[in-house]
Structure formats: structure tokens, C-alpha cells
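Scroll down for the structure; my scribbles are underneath it.
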Amino acid sequence: MSQRTKIKALLQSQQTDIDVTVKGWVRAFRSNRFIALNDGSTNNNIQIVVDFENTDPALLKRITVGAALSVQGKLIASLGKGQTVEVVATDIEILGDSDPDKYPIQPKKHSLEFLRENAHLRFRTSTFGSIFRLRNSLAYAVHQFFQERDFVYLHTPVITASDAEGAGEAFHVTNFDLDNIPKTDTGEVDYKQDFFGKSTNLTVSGQLEGELGAMALSDVYTFGPTFRAENSNTTRHLAEFWMIEPEVAFNDLNDNMDLAEDMLKYVIKYALDKCPEDIEFLTQRLQEEEKQKPQNERSDMSLVEKLQFCLDNDFERLTYTEAIEILKESTPNKKKKFVYPVEGWGTDLQSEHERYLVEKHFKKPVILTDYPKDIKAFYMRQNEPDAQGRETVRAMDILFPGIGEIVGGSEREERLDRLEKRMDEMGIPKDELWWYLDTRRFGSCTHAGFGLGFERLVLFVTGMGNIRDVIPFPRFPKNAEF
RNA sequence: UCCUGAGUAGCUCAGCCGGUUAGAGCAUCUGACUGUUAAUCAGAGGGUCGCUGGUUCGAGCCCAGCCUCAGGAGCCA
């Protein structure tokens, strides 16, 4: 049997009247004559023309939606409209039948909720084909960006004993028989008898270990799964997600912002260059979806335009303190339209405030810096108090339209005395993090890094609305199917 | 976890004020047609009305509890 040609290549073929073998899954079978065949190499189908009058009727009956086919035939310039080339079949082999009575994916619009429940088959829809090809390209672009800059891809542990970062609830990892958990004399769980001899959990961040690598390799990044046991039921959170965490020695906060902005623009540009058809398809999809919304809620830019806009404009950079002033003076705040009115300095911004800044005030991605020290993590570098004695840290959050926080990072506190003092204040156990503090004891230096939620990036680039639709098999409360 | 809404055929949904045999479109099956593009036309099959309990002569509809889903909020990436 001759080697199969991918459908993407066939559709781009400059040659016609050549013999080809094509394999894929039936998307539609019309008029007993036209098969729309797809193999996932592109969103577009190749049309197979069947000589139904000279084909066994029993075979024709088995050409159903979802069936896997191998087709031999001749690639010709299409005789019909709607496609440039088509394959006139000379031989069709059914590789795998698909019972039309039971196959859940029909050649029609399905709700995203329904497809989520059929996540094992949703790859076979145009929307999810596009999403996962884009996800792949974005992941590749992330590596390419860092590799071009001589970063070291560092594999930080998935199982860890440190729950110290305070990045959220962690999933416990244990080998105990849960019906018979060893206890100490005082009635507490005796982790000494567990596999690792101590309490362990799935990582909530590779940052602390990333810092260890950066303090020798200079420029490192991680890109791996991360776990949060928060009971979050939103369109922006997953219990298992992929995070990208660069950590760079000798970088300060400004270098850190430059790196994050460059990286985001790089990967978005890569996706635009590499997957124009998929982005075009998802642009159409979003347009259809927006038609359902009332006029005032519709976006004034299409998906492609939004992505291009993101490349063409510098992200707006301002401090938390400046943002608070803008929000205080904003129309919705004065007209008491915010659920949480902006009054004082020192509280965290609510989603509605971030959205106002990004979507209404600046109308582009925003980087907020220098947050109040009390609402941020212990490892962030402390600024000197300002004239009013307000204490801030060298933190930065990148806010994207429709997504909210996509990146969170900071310059790290490299001064041992300041770091230890802060850990004491926040009740972080120094003895457990002795190894982290060692980096400040031996050759400490300025360094900075950030965390990028990969799925949030995919959400932005695909224009999808729910994070559960941009990861193949989403993990979230009450759901671990597939 | 909180707030709001939803759960009726394989899918998307309608179902009046509580009243006889629960409907439509698409999908599926049968037949017709055959250069179709979500093909078209005719016919047929298909239901534990989320689950449990309650009110009532009578519940898809009212009440309570639970489960699941969606949107928003919090936590964050």
C-alpha cells in the first residue's frame, strides 16, 4: 500500500491528476457520493468523490460519520464549487466502523457543555481541532523563545514537601492505606511511616526550586503541570494546569517585565504565523458566539484583530498606587457602579477593577507593579517605604482583556535579613525552607521571575471563554473523567 | 465555598393556570432523488421529564432535600 498523504498537504498540492492514499475520519457523507474526510492535520476536509453506482451498497452503508477510512484515488481539480481539489476514489477501505446510532458527534453544532462531557471525542470537531493545534504551537513557541535566549529548561519536582509558598491548597500525596492511617501517641497522623517519611503534596509552583537553579545557571525556566486543590468553580481556574516559570539571575523588576512582554508577544506572533487557518476559524466561531450577546457586550475587535493589537502596542505599565488613583477618579466608582467601591490604599483589586483598567481605561494589556506588601507573598523584594510610609513590594501582574491576571511575578528578596524577618512576620517556617535561604547565604544576588498560566494564554489566543475547553482533559472540582 | 439560573428524546429546546395519550427541529432508520457543501423530499422508531421524599383526586409543572451543569464572585495562574 502506498504511503498516506496528510490532508493538509493534499489541499496545498500544486500537482493534480496524481494517485494518492488518504486516511482519516468521516465528518459528513452527502448524497451517497461526497465524503468530507478529516485527519486532524488541518481543519479543512478533503472531499472524496465516490462512484456510488459502481460501489457495493454494503460498503456505502458503512461510510458513516466518525468512521475511519483509507481511500485510494486520484487527486483532481474539483468539479464542484466549495473546494479546489478533491479525490476521486478508486478503492475505499473501512478501517473502523462508527455506529451512527451511537456515535455522539453529529455534523451539526454541539454545545461546549455537551462536548466537555465527551472530551474523548471532541478532538474530532473543528473547534477543538483548532484549539489543540494552537495549544501545541504555543507550547512549542514557549520553548523556542527561551531556547533562543539560552535559558535552561529545568525540571522541578512534581511531588514536594514544601507547602510554604502559600499559593493555595495543595493536594496531599500519600501511600497510606486511608482506612488505616498510622497515628502517633498523641493521635496525629504519623507521616514518618509514609513513603517519603514526611507530609508531601503535589507542587503548587516550581518557583522556589527554579530560584535554586537560577542562582547557578543564571537563566532557567520550568514548563510543567501544577496543582491546586482550591474549590474554584470558574472559567479561569483548573485543579491541574500547566505553568511556565522563568527565573533569571541579575534581572530586576523592569527586566522581568520586558521578558514577560517579549515572551507573550513572541508566542502570539508565532501562533498567528503558524496557525492562520485555525485562528481564522476560531475568529469566525467567536463572531457567531458574540451575535448571541447584546450589542453593548460585544467586542469591537475580532479575535485576529485583538491578537494583532496585542503585538502592535506596548503594554501599559503603572504602579498599584497609580492604578488606585485612576480607579478612585473613574466614572463607575463615582457613580457607585462598582460592587466593591475603591476607597483606600492597601486592599487587593477586585476583578471588576482590573477589567475596568484593561478593557475600559487603557484598552490594552496592563502591567501593574509595586503592590502593597501585605497582600503579596513573602519572597517578593521590599521597596523602601514611600513619603507616606506605605510599604510595597516589587511585584508585577500582567492583566489581559477578557482573561484578567495571566502573569504574576516579582523581583525576589535577595537580602537574607529582610527575607527572614518577613518569613517570621508571615509565619513561614524557616527551618523547612533552609535550602531556599541558603541561596541568600551563599552568593545571593538580584533576581526575578514570573509565572504564566499556560491555559490562560491558550484561552486568550483561541478566544474561548472557558479554561476547561483549552486543556484536553480538564481537572476541576467533582470531575476527573477520562 | 457564596450568589443567580438550568436539568424534558442521541443533540438543541418548547411544554399555558396542576388535568386525558408529553411536542418541535436536527440526528437515526426505511424509501425516493443524485455534483453535494449543515443536501433535499416522504414516512417510521425513539421518553425513568436529574434523584429522593412530600402536597394533591391528579405533578414535567407546586414544596423540601440532594446531585450535576452553566454564568458571576472569592482564591489565583
(request) Walk me through it: do Thr392(A) and Gln382(A) pass the test side-chain contact (heavy atoms from CB on, under 4.5 Å)? (result) CA-CA 6 Å; Thr392(A) 55; Gln382(A) 297 160 50; over 6 Å; no

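- For the salt bridge (Lys or Arg N to Asp or Glu O under 4.0 Å) test, residues two or more places apart in sequence or in another chain that qualify with Arg317(A) are Asp258(A), Glu261(A).
- Every residue two or more places apart in sequence or in another chain that forms a side chain to side chain contact (heavy atoms under 4.5 Å, CB included) with Pro341(A) is listed here: Asn333(A), Glu343(A).
- The same atom, P, is picked in C63(B) and in A6(B); the two are 12 Å apart, to the nearest Å.
- Residue Lys102(A) has no polar side-chain atom (N or O) positioned under 4.0 Å from OP1 or OP2 of G46(B).
- Comparing U55(B) with A64(B), their P atoms sit 15 Å apart, to the nearest whole Å.
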(request) Give the B/S/- string for nucleotides 34-43 of chain B, one per nucleotide from 5' to 3', where a protein heavy atom under 4.0 Å of the base yields B, of only the sugar-phosphate yields S, and otherwise -. (result) BBBB-B----

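- Contacts of Lys478(A) with the nucleic acid, taken as non-hydrogen atoms under 4.0 Å apart, involve only primed sugar atoms and P, OP1 or OP2.
- Legend: residues meeting ring pair (Phe, Tyr, Trp, His ring centres under 6.0 Å) with Phe227(A), ordered by chain and number and at least two apart, are absent.
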Under 3.5 Å, which donor-acceptor pairs do the side chains of residues 473-482 of chain A form with other protein atoms, sequence neighbours left out?
| unit_1 | atom_1 | unit_2 | atom_2 | d |
| --- | --- | --- | --- | --- |
| Arg475(A) | NH1 | Glu481(A) | O | 3.0 |
| Arg475(A) | NH2 | Phe482(A) | O | 2.7 |
| Asn479(A) | OD1 | Glu481(A) | N | 3.3 |

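- With pairs defined as Watson-Crick or G-U wobble and both atom distances under 3.5 Å, the stems of at least three pairs that touch RNA chain B come out as B:1-7 with B:67-73, B:10-13 with B:23-26, B:28-32 with B:40-44, B:50-54 with B:62-66.
- Contact record, Val461(A) with Ile268(A): CG2-CG1, 4.1 Å, taken as the closest heavy-atom pair.
- Put simply, the residue from Val342(A), Leu349(A), Leu327(A) that forms a side chain to side chain contact (heavy atoms under 4.5 Å, CB included) with Tyr356(A) is Leu327(A).
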(message) Walk me through whether Phe223(A) and Leu154(A) qualify under side-chain contact (heavy atoms from CB on, under 4.5 Å).
(response) CA-CA 8 Å; Phe223(A) 186 175; Leu154(A) 191 72; over 6 Å; no

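- Across the interface with RNA chain B, nearest-nucleotide mapping of Ser111(A) and Asp348(A) shows Ser111(A) to be the residue nearer the 5′ end.
- Donor-acceptor pairing under 3.5 Å, judged by distance alone, is present between the side chain of Arg456(A) and the base of C76(B).
- Remark: Arg355(A) in residues 354-367 of chain A come within less than 4.0 Å of RNA chain B through at least one heavy atom.
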Name each donor-acceptor pair under 3.5 Å that joins a side chain in residues 59-67 of chain A to protein atoms two or more places apart or in another chain, with its distance.
| unit_1 | atom_1 | unit_2 | atom_2 | d |
| --- | --- | --- | --- | --- |
| Arg62(A) | NE | Asp97(A) | OD1 | 2.9 |
| Arg62(A) | NH2 | Asp97(A) | OD2 | 2.9 |
| Thr64(A) | OG1 | Ser98(A) | O | 2.6 |

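- Partners of His172(A) under the side chain to side chain contact (heavy atoms under 4.5 Å, CB included) rule, at least two apart in sequence or in another chain, do not exist in this structure.
- For Pro100(A), counting side-chain heavy atoms from C-beta on, the closest listed nucleotide (C29(B), C69(B), A70(B)) is C29(B).
- Annotation: side-chain hydrogen bond (donor to acceptor under 3.5 Å, both in side chains) contacts of Gln147(A) (sequence neighbours excluded): Tyr221(A).
- Rounded to whole Å, the separation between the C1' atoms of A70(B) and G50(B) comes to 15 Å.
- Checking C69(B), U30(B), A73(B) against every side-chain atom of Tyr340(A), the shortest atom distance belongs to A73(B).
- Annotation: of the two residues near RNA chain B, Ser351(A) and Asn466(A), the 5′-most nearest-nucleotide partner is Asn466(A).
- Of the residues in residues 139-146 of chain A, not one comes within less than 4.0 Å of RNA chain B through any heavy atom.
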List the atom pairs, with distances to 0.1 Å, where a side-chain N or O of residues 127-136 of chain A and a protein N or O form a donor-acceptor pair under 3.5 Å, not counting sequence neighbours.
| unit_1 | atom_1 | unit_2 | atom_2 | d |
| --- | --- | --- | --- | --- |
| Ser130(A) | OG | Asn43(A) | ND2 | 2.5 |
| Ser130(A) | OG | Ser126(A) | O | 3.4 |
| Ser130(A) | OG | Asp278(A) | OD1 | 2.8 |
| Arg133(A) | NE | Asp278(A) | OD1 | 3.4 |
| Arg133(A) | NE | Asp278(A) | OD2 | 3.1 |
| Arg133(A) | NH1 | Gly40(A) | O | 2.7 |
| Arg133(A) | NH2 | Asn43(A) | OD1 | 3.3 |
| Arg133(A) | NH2 | Asp278(A) | OD1 | 3.0 |
| Arg135(A) | NH1 | Glu455(A) | OE2 | 3.0 |
| Arg135(A) | NH1 | Val470(A) | O | 2.9 |
| Arg135(A) | NH2 | Glu455(A) | OE2 | 3.0 |

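- Atom name C1', nucleotides C33(B) and C41(B): the rounded distance is 8 Å, in whole Å.
- Per the geometry, OH belonging to Tyr103(A) stands 15 Å off P belonging to C11(B), to the nearest Å.
- An aromatic stacking contact between Phe454(A) and the base of A77(B) is absent, as defined here by ring centres under 5.5 Å apart and ring planes under 30° from parallel.
- For Gln106(A), the listed nucleotide lying nearest its side chain is G10(B); candidates were A70(B), G10(B), A73(B).
- For His110(A), the listed nucleotide lying nearest its side chain is C11(B); candidates were A77(B), U1(B), C11(B).
- Arg394(A) contributes no side-chain N or O that, together with a main-chain N or O of Glu413(A), makes up a donor-acceptor pair within less than 3.5 Å.
- When all heavy atoms of Ala141(A) and Tyr266(A) are compared, the pair lying nearest together is O-CE2, 3.6 Å.
- Under 4.0 angstrom from either OP1 or OP2 of A70(B) there lies at least one side-chain N or O belonging to Arg116(A).
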